[in-house]
Number of protein chains: 2
Amino acid sequence: MRIGEAATAANITTKTIRFYEQAGLLPPPGRTTNGYRSYNEISVNRLQFIRRAQTAGLALAQIRDILRMRDENHTPCAHVAEMLTRQLSALDQRIGELQALRATVAEFQATALEADPNKCDPNRICSLL
Amino acid sequence: MRIGEAATAANITTKTIRFYEQAGLLPPPGRTTNGYRSYNEISVNRLQFIRRAQTAGLALAQIRDILRMRDENHTPCAHVAEMLTRQLSALDQRIGELQALRATVAEFQATALEADPNKCDPNRICSLL
DNA sequence: CTTGACCTTCCACTGTAGGGGAAGGTGCAC
DNA sequence: GTGCACCTTCCCCTACAGTGGAAGGTCAAG
């Protein structure tokens with residue numbers, strides 16, 4: 001099948017497919033006699049796998065590593081499990097950071113709600129921050 | 001004072017100061033006869049304000065708006081308070097998204113911990129994803 | 001007189017995941 | 001024979017907040 005059909009099947013754009021190829025996530029596909037890229041169901045599976053992995057928040061570089069292991073006939077399971085664990089930690093850390101930031105902003109805002117705008121110190125840029 | 005001293009005082013780099021100037025957060029400074037940028041305490045205060053506003057998670061574009069209001073002699077308090085409120089909503093939404101993503105990843109990981117690596121379906125890229 | 005620490009401008013690059021659009025080739029239907 | 005949808009490569013652009021480096025000017029100390 002041609003790139004457009006593969007794109008529709010995987011629910012992405014042809015631009016994205018070419019980008020994935022150039023980024024090393026897809027092997028260079030076969031070509032028809034007129035030079036068009038030629039894909040099969042395995043290609044579409046691969047594209048759908050990439051989508052699922054992205055759903056898990058994995059970066060393309062990580063997904064590329066998984067696919068590369070798979071292509072070299074290693075079973076990537078252990079690697080994937082470890083990656084998911086690291087992903088969980090990273091998420092927990094990021095969520096923690098954002099919650100800390102939220103607390104800071106909430107504090108600023110509490111000050112803001114109490115402040116009288118008419119009492120702003122003209123020598124400061126903003127008494128709220 | 002010259003740019004290096006201002007940078008040290010505000011705990012940033014000279015590169016960053018020039019970048020802020022070019023981004024419209026700092027007015028073009030005075031110059032000494034030899035062309036060096038010349039700053040004073042007000043400049044340093046402004047730089048420190050930018051830092052504080054960044055601590056509150058505001059983007060440079062938002063900070064620039066606050067500074068611009070201030071420069072036009074409007075009191076930016078109300079604007080800032082509203083911005084902080086919006087910032088809180090944005091943070092809450094982002095935290096929610098990350099928590100949803102965390103749940104997804106945790107689910108994938110639970111599957112991973114249960115799975116027997118020897119039972120991987122060789123026709124799939126990875127049975128965990 | 002030269003060394004070193006400053007400063008200037010300008011241009012390019014970082015990472016992420018693609019998107020926009022030009023210029024041209026291919027194949028089918030009408 | 002021409003219009004249309006599809007394909008090709010190529011290069012540039014997006015947001016964000018800077019960072020790196022080159023080429024050159026300035027100034028005080030030794």
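Residue Arg64(B) is out of contact with every strand shown, counting any heavy-atom pair closer than 4.0 Å. Here Ala23(B) lies out of heavy-atom contact (under 4.0 Å) with every strand.
Distance alone, capped at 3.5 Å, places no donor-acceptor pair between the Gln54(B) side chain and the Ala59(B) backbone.
Phosphate contact (OP1/OP2 of dC16(D), side-chain N/O of Gln62(B), threshold under 4.0 Å): absent. The shortest distance between the side-chain N/O atoms of Gln54(B) and the OP1/OP2 oxygens of dG18(D) is below 4.0 Å. Side-chain nitrogen and oxygen atoms of Arg18(B) include none within less than 4.0 Å of the OP1 or OP2 phosphate oxygen of dG18(D). Close to dC7(C), at under 4.0 Å from its OP1 or OP2, lies no side-chain N or O of Arg37(B).
Hydrophobic cluster membership is shared by Leu88(B) and Ile66(B), with clusters built from Ile, Leu, Val, Met, Phe, Trp and Tyr side chains linked at under 4.5 angstrom. Under the 4.5 Å side-chain contact rule for hydrophobic residues, Phe19(A) and Tyr36(A) do not share a cluster.
Remark: P of dG18(D) and CD of Gln22(B) are 12 Å apart, rounded to the nearest angstrom. One interatomic measurement links the two molecules: CZ of Phe19(B) to P of dT19(D), which rounds to 9 Å at whole-angstrom precision. When the P atom of dA17(D) is taken as reference, atom CD of Glu21(B) falls 18 Å away, rounded to whole Å. Remark: P of dG18(C) and CG of Leu26(A) are 12 Å apart, rounded to the nearest angstrom. Taking atom CG of Leu47(A) as the reference point, atom P of dA17(C) lies 16 Å away to the nearest angstrom. When the C1' atom of dC7(C) is taken as reference, atom OH of Tyr39(B) falls 11 Å away, rounded to whole Å.
Taking every side-chain heavy atom of Arg31(B) into account, dT9(C) is the closest of dG18(C), dT9(D), dT9(C).
Heavy-atom nearest nucleotides on DNA chain D were determined for Ser38(A) and for Tyr20(B), and the one closer to the 5' end corresponds to Ser38(A). Map Ile3(A) and Leu58(B) each onto its nearest nucleotide of DNA chain D; the residue landing nearer the 5' end is Ile3(A).
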Sugar-phosphate atoms are those with a prime plus P, OP1 and OP2; base atoms are the rest. Using that split, label each nucleotide of nucleotides 19-29 of chain C B, S or - for protein heavy atoms under 4.0 Å, 5' to 3'.
SBB---BBS--
Glu97(A) vs Arg94(A), test: salt bridge (Lys or Arg N to Asp or Glu O under 4.0 Å). Steps then yes/no.
CA-CA 5 Å; Glu97(A) 286 167 5; Arg94(A) 186 79 190 119; 2.8 Å; yes
Under the side chain to side chain contact (heavy atoms under 4.5 Å, CB included) rule, what do Gln109(A) and Gln87(B) come out as? Steps first, then yes or no, please.
CA-CA 10 Å; Gln109(A) 196 213 21; Gln87(B) 183 68 6; over 6 Å; no
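At a cut-off of 3.5 Å, with distance as the only test, a side-chain donor of Ser43(B) or Asn40(B) sits close to an acceptor on the other residue.
Contact record, Leu60(B) with Leu25(B): O-CD2, 3.9 Å, taken as the closest heavy-atom pair.
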